[in-house]
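Please read the structure below before turning to the comments.
Just so it is clear: chains get the letters A, B, ... in the order the sequence lines come, proteins before strands, and each one is counted from 1.
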Amino acid sequence: MMDFFRYLGAGTRKSFTKLGRASYFLISILTGIGSVLVRPRLLLKQLHSVGVLSFLIITISGLFVGMVLGLQGFYILSRFGAEETLGVMVAASLVRELGPVVSALLFAGRAGSALTAEIGLMKATEQLSGMEMMAIDPIKRIVSPRFLAGFLSMPLLAALFSAVGIIGGQIVGSGLLGVDDGAYWSQMRANLDFQGDIINGIIKSVVFGFVTSWIALFEGYDAIPTAEGVSRATTRTVVNSAFSILGLDFILTALMFGDN
Amino acid sequence: MDIFNSSQDSLVSVHNLTFSRGEKKIFDDISLEFERGKITAIMGPSGTGKTTLLKIIGGQLFPNRGNVIVNGRNVHNLKRDELYTLRRRMGMLFQSGALLTDMTVFDNVAYPLREHSHLPESMIRSLVLMKLEAVGLRGARDLMPNELSGGMARRVALARAIALDPMMIMYDEPFTGQDPISMGALVLLIKSLNTTLNLTSIIVSHDVHETAAIADYIYVLSEGKVVGQGTPQEIQQSSSEWVQQFMNGAADGPVHFHYPAKEYMDDLLHSEKPLFSRHRPSNDRTAKRRRYS
């Protein structure tokens with residue numbers, strides 16, 4: 001019994017120390033952002049590897065998710081004779097939920113894990129230490145540009161995901177199942193609220209981008225500098241990002257859409 | 001400005017340094033002096049914290065007690081900006097080279113220059129080629145770090161370390177894992193750079209012969225203490241058994257070949273799990289398997 005409490009206490013203490021380190025790390029990233037803006041080339045390079053290279057996975061996944069939504073939505077809506085509102089259903093689910101959440105999960109798996117592995121290996125091969133000894137701050141040169149790139153890419157990728165998904169829904173809905181094309185688009189335009197749906201969806205993806213990039217970079221920077229340590233850190237990035245995204249999504253949804 | 005009573009010709013002085021990692025004391029109240037313009041070696045078996053010492057001198061780790069004076073300034077009392085300014089004049093050669101893997105050899109050497117100076121690119125080019133020429137790798141400028149052998153990577157790292165014309169260089173195990181030819185090249189290079197650039201060099205190593213050949217002064221560390229010091233000749237003739245064992249590479253001596261353990265015979269005869277027991281473990285396992293199936 002005592003062992004159980006001791007174990008619980010040690011675990012709690014460990015996670016709080018880690019949270020403290022992570023917060024301190026976040027502060028240094030944010031203070032380093034100024035120097036990234038002076039050197040846009042560092043940012044461009046990271047925007048390419050974090051953002052542009054995620055295009056394919058986001059586009060393909062978005063297309064399929066939209067197509068599945070079109071199919072499922074059609075079967076349910078047609079029972080009530082409301083298949084003309086398919087466009088609203090597809091677009092609202094994508095813009096409010098699936099766009100930000102699924103693209104953030106994919107982003108954590110594709111870009112987040114890569115960031116952790118990269119930073120972790122740079123630490124293991126003493127590159128970060130070497131930069132410090134050359135009087136170059138690795139947070140400013142390595143970490144902050146990656147953070148900013150992740151933070152900026154996420155909302156754009158989520159928007160891309162939703163847009164492609166809506167097209168996927170239309171392909172299935174009006175192309176295969178015979179929903180009226182005009183109804184698909186006009187119902188969507190009439191019933192989707194810019195402030196309530198689109199802006200809130202963007203806010204979600206901004207929050208997810210912030211959190212995912214933070215987790216990925218921190219896990220890499222905090223990794224034990226061995227092969228095993230880096231592999232564990234990469235796993236933790238994906239797991240912790242997924243938990244944070246889904247948990248935060250519930251909180252954000254409750255705050256945004258809870259009262260109507 | 002910190003003023004300490006260290007001798008005038010020391011560039012780096014370590015006073016009463018104590019450093020522990022967890023329960024383990026890595027350094028126990030050691031004091032070292034590194035003279036200007038000289039090559040000073042720190043030797044000792046693996047795991048005596050030689051690399052840690054370099055990280056403490058470079059201000060990457062903080063000691064529990066004691067202080068480190070570099071060029072008249074107490075490294076661990078400096079503000080972050082002051083420390084970074086000081087580090088520009090301290091080169092460090094890491095064991096792995098620590099080259100940035102996403103840049104060519106040329107860009108790696110140019111990196112500190114581009115970060116710390118506002119020189120035009122044409123001048124940076126000349127400087128980089130000069131530094132690469134000094135280490136004999138001017139022809140390798142377009143290679144990526146993963147295309148270099150270990151010895152070449154270390155030489156590129158050396159060119160990068162001297163790019164900002166530092167006052168000192170710290171070498172972390174420069175000879176480990178090198179074939180005889182690149183080892184010879186590195187020994188020659190360290191010696192000649194030290195004289196031509198008027199550097200102060202600190203070499204951390206356990207390669208006795210190579211280090212003794214170029215060092216002006218040697219400290220031998222063991223278990224957190226300085227167990228011997230002097231010129232290479234004095235160290236060779238040291239009366240300390242410990243130093244003799246280390247310098248001659250004897251397998252047994254004051255440092256035992258065996259990790260501490262209980263008596264060999266006791267260990268064999270009274271093992272914690274008896275070798276022969278009445279219940280054979282395999283039976284237990286089948287019983288358990290039967291229960292679950």
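The number of heavy atoms from other shown groups lying within 6.0 Å of CE (B/M123) does not exceed 12. Counting heavy atoms of neighbouring residues, nucleotides and ligands inside a 6.0 Å radius, atom CD1 of A/I224 does not exceed 12 of them. Heavy-atom contacts from other residues, nucleotides or ligands closer than 6.0 Å to CZ of A/R110 number more than 12. For B/R89, the CZ atom counts as loosely surrounded, since its 6.0 Å shell holds 12 or fewer non-hydrogen atoms of other residues, nucleotides or ligands. The environment of NZ in A/K123 is crowded: more than 12 heavy-atom neighbours from other residues, nucleotides or ligands sit within 6.0 Å. No more than 12 heavy-atom neighbours from other residues, nucleotides or ligands sit within 6.0 angstrom of CZ on B/R138.
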- Task: May I have the step-by-step check of side chain to side chain contact (heavy atoms under 4.5 Å, CB included) for B/F94 and A/M133, ending in yes or no?
- Result: CA-CA 10 Å; B/F94 285 85; A/M133 283 309 296; 4.0 Å; yes
- Checking side chain to side chain contact (heavy atoms under 4.5 Å, CB included) for the pair A/I136/B/Y111: CA distance, chi angles, key distance, verdict? CA-CA 10 Å; A/I136 297 164; B/Y111 192 64; 3.5 Å; yes
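For a residue to count as touching a neighbouring chain, one of its non-hydrogen atoms must lie under 4.5 Å from one of that chain's; by this rule A/K45 touches chain B with the side chain only.
Identified by a heavy-atom distance below 4.5 Å to chain A, the contributing residues of residues 99-106 of chain B are B/L99, B/L100, B/T101, B/D102, in residue-number order. Contacts of residues 149-171 of chain B with chain A at a heavy-atom distance below 4.5 Å involve B/R160, B/M170, listed in sequence order.
With chain A as the partner, the residue from B/R80, B/M92, B/E115 showing the most heavy-atom pairs under 4.5 Å is B/E115. Contact count against chain B (heavy-atom pairs under 4.5 Å) is highest for A/D137 among A/L121, A/T125, A/D137.
At least one donor-acceptor pair closer than 3.5 Å links the side chain of B/R87 to the backbone N or O of A/E132.
The minimum heavy-atom distance between A/E126 and B/A98, with the atom names listed, is O-CB, 3.4 Å. Here the shortest heavy-atom pairing between A/A135 and B/H116 reads O-CE1, 3.0 Å.
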